[in-house]
Amino acid sequence: VVSWNAIIAGYAQHGYGEEAYEFFQQMQQEGMKPNVVSWNAMIAGYARHGHGEKAFELFWEMERMNVKPNKFTITSILKVSASLAALEEGKRVHAHIIKSGFDLDLSVGSALVVMYSKCGSIEDARQVFDNMRIRDAVLWNAMISGYAQHGCAEEAFKLFQQMQKEGVKPDVVSWNVMIAGYVQHGRGEEALELFRVMQQEGMKPDSVTFISILKGCACLAALEEGKWVHAHISGTLLESNLSVGTALVDMYSKLGSLEDARAVFNKMPKQDVVSWNAMIAGYAMHGHVKEALKLFQQMQWEGVKPNVVSWNTLIAGYAQHGHEKEALELFRQMQQEGVKPDVVSWTAIIAGYAQHGRCDEALELFSQMQQKGLKPDVVSWTAIISGYVQHAQSEEALNMFQQMQWEGIKPS
RNA sequence: AGCCCGUUCGCUGA
């Protein structure tokens, strides 16, 4: 069984769910009964590669076959519920945990708190949190993060202080959670303030801290602060961190400081598709589409394959700046290259047409997108509605607005 | 035998 498990785990971890499953079945044909480790390997494999439904199926099947889950099983299945925001499934798992008398240890407790808050039920998360007898930093962080992500900055801060009163020292994640919460809700000032305090208190920022805080600077359009943060990074090991480098490029790009962005980009020890995309976006968003295209080609010469975001970035750049035709051409090219347009690609083109008064064409694309089986989201709808509004076609705008709600999409 | 248990993190559309 151990050897079978090793094989299954190997395939499952690397996204070969089918192959793993074949071995999983084969071992049963050969008269071996998968144990909890075999099941966990399968479930975790599916979970990691975005096949949440399959993970759930296996979880309940495991139940039926009377194999007792352990805490690895429980935490990975709760993670799936969290990432799918599947509250009902998550509750079923929770109920099952209680029913089977499973020990609610810290890791399961934290996973439950995360599951409930990612599923939007902060009250349930709090209840789990309150019922835990022992609380470590991870559990506190999970709860604080729940509030912070929901925009309840005050409650998050209260807990942040309370954890310290109860003798649990905030770790770097606690600070990061607080900072990210402020940034995500447009409260960059407070994020920067916490960033200062954390250093006064002797806590060293890590890559995540810097990434969040740089995003905050970009949102605040605070170039000076961004440069100040950059200065903190320079000369440290983080300077050669890929994600930090990308966050710097992104910050400078968004603030239109393309020379700085380019300088950071060129100094990075290596670039991946995300850093290329950030750099390309800098040019594309500011209307330098030729330069963006040049980089796009250069990226490929250097052996980096454009992903759907790369294409979307270019398309959006062209579409926003009055080059709908070229955008459409790129849209065709991306499909030839085997990259499937997603809702963002379609919306970028639709928005381009709509903004420039070509609402009929936008509408045509809008229905084509649905024929292809893609469901417009609130951004797609808003793009087309605001096109009508801007071009004094209020009746059509109102019409679309109603249709959107019939489709069950809430205005934002 | 189930990667570092569970919490935070980089690129694109209105």
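By convention in this document, chain letters (A, B, ...) are assigned in the order of the sequence lines, proteins followed by strands, and residues within each chain are numbered from 1.
Residue Gln390(A) places none of its side-chain N or O atoms closer than 4.0 Å to OP1 or OP2 of A14(B). Listed pair Lys118(A) / U8(B) meets the phosphate criterion, a side-chain N or O lying under 4.0 Å from OP1 or OP2. Contact annotation: Gln184(A) reaches the phosphate of C9(B) (side-chain N/O to OP1 or OP2, under 4.0 Å). One finds no side-chain N or O of Lys215(A) lying less than 4.0 angstrom from the OP1 or OP2 phosphate oxygen of U8(B). Side-chain N/O atoms of Lys71(A) include none lying less than 4.0 angstrom from OP1 or OP2 on C5(B).
In terms of the ring-ring contact (aromatic ring centres under 6.0 Å, His included) criterion, residue partners of Phe195(A) (sequence neighbours excluded) are, by chain and number, Phe210(A), Trp228(A), His232(A).
Nucleic acid contact for Asp105(A): none, since no nucleic acid atom lies under 4.0 Å from a heavy atom of the residue. Across all strands shown, Leu112(A) has no heavy atoms under 4.0 Å from either base or sugar-phosphate atoms. When heavy atoms are screened at a 4.0 angstrom cut-off, Asp377(A) is found touching base atoms of the nucleic acid. The residue Asn70(A) sits close to a base: some heavy atom pair falls under 4.0 Å. Using a 4.0 Å heavy-atom cutoff across all strands shown, Val177(A) reaches sugar-phosphate atoms only and no base atom. At a threshold of 4.0 angstrom between heavy atoms, the contacts of Asp272(A) include nucleobase atoms, whether or not backbone atoms are also involved. Among the atoms of the strands shown, base atoms are found under 4.0 Å from some heavy atom of Val343(A). Across all strands, Ser76(A) comes closer than 4.0 Å to no nucleic acid atom at all (heavy-atom distances). Among the heavy atoms of the strands lying under 4.0 Å from Thr313(A) are primed sugar atoms or P, OP1, OP2 only; no base atom is included. Here Ser207(A) lies out of heavy-atom contact (under 4.0 Å) with every strand. Counting non-hydrogen atoms under 4.0 angstrom, Ser412(A) reaches a base of the nucleic acid.
For RNA chain B, the residues of residues 129-151 of chain A within the heavy-atom distance limit of 4.0 Å (strictly under) are Asp136(A), Val138(A), Asn141(A), Ala142(A), Ser145(A), sorted by number.
Among the nucleotides G10(B), G6(B), A1(B), the one closest to the side chain of Ala247(A) is G10(B). Set against G6(B), A1(B), U12(B), the side chain of Ala111(A) has G6(B) as its closest nucleotide.
A donor atom on one side chain and an acceptor atom on the other are found under 3.5 Å apart for Gln368(A) and Glu364(A). For Glu22(A) and Gln26(A), the side-chain atoms include no donor-acceptor pair closer than 3.5 Å. Judged by distance alone, the side chains of Asp250(A) and Ser253(A) never bring a donor and an acceptor atom under 3.5 Å apart. Side-chain atoms of Asn277(A) and Asn312(A) form no donor-acceptor pair, as typed in the model, at a separation below 3.5 Å.
Tyr388(A) has its OH atom 15 Å from the C1' atom of A14(B), to the nearest Å. Put simply, CG on Leu248(A) is 14 Å from C1' on C11(B), counting in whole angstrom units. The nearest whole Å value for the distance from the NZ atom in Lys204(A) to the P atom in C9(B) is 21 Å. One can place CZ of Phe72(A) at 11 Å from C1' of C4(B), the figure rounded to the nearest angstrom. Distance, Gln320(A) CD to U12(B) C1': 10 Å, rounded to whole Å. Met251(A) places its CE atom 14 Å from the P atom of U12(B), with the value rounded to the nearest Å. Following rounding to the nearest Å, Ile233(A) (CD1) and C9(B) (C1') show an atom-to-atom distance of 13 Å. Look at CG on Leu78(A): it is 14 Å from C1' on U7(B), rounded to the nearest Å.
Taking both residues in full, the closest heavy atoms of Ser81(A) and Glu89(A) are given as OG-C, 4.5 Å, listed atom of the first, atom of the second, then distance.
Annotation: side chain of His94(A) is in contact with side chain of Ile98(A) (closest heavy-atom distance under 4.5 Å).
Contact of Ser107(A) with G6(B) (side chain to base): no donor-acceptor pair of N or O atoms is detected under 3.5 Å.
When atom types are taken as modelled, the side chain of Asn5(A) and the backbone of Ile8(A) share no donor-acceptor pair closer than 3.5 angstrom.
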Side-chain donor-acceptor contacts of residues 282-289 of chain A below 3.5 Å, not counting sequence neighbours, with atom names and distances?
{"from": "Tyr283(A)", "atom 1": "OH", "to": "Arg262(A)", "atom 2": "NH1", "distance (Å)": "3.0"}
{"from": "His286(A)", "atom 1": "ND1", "to": "Gly282(A)", "atom 2": "O", "distance (Å)": "2.8"}

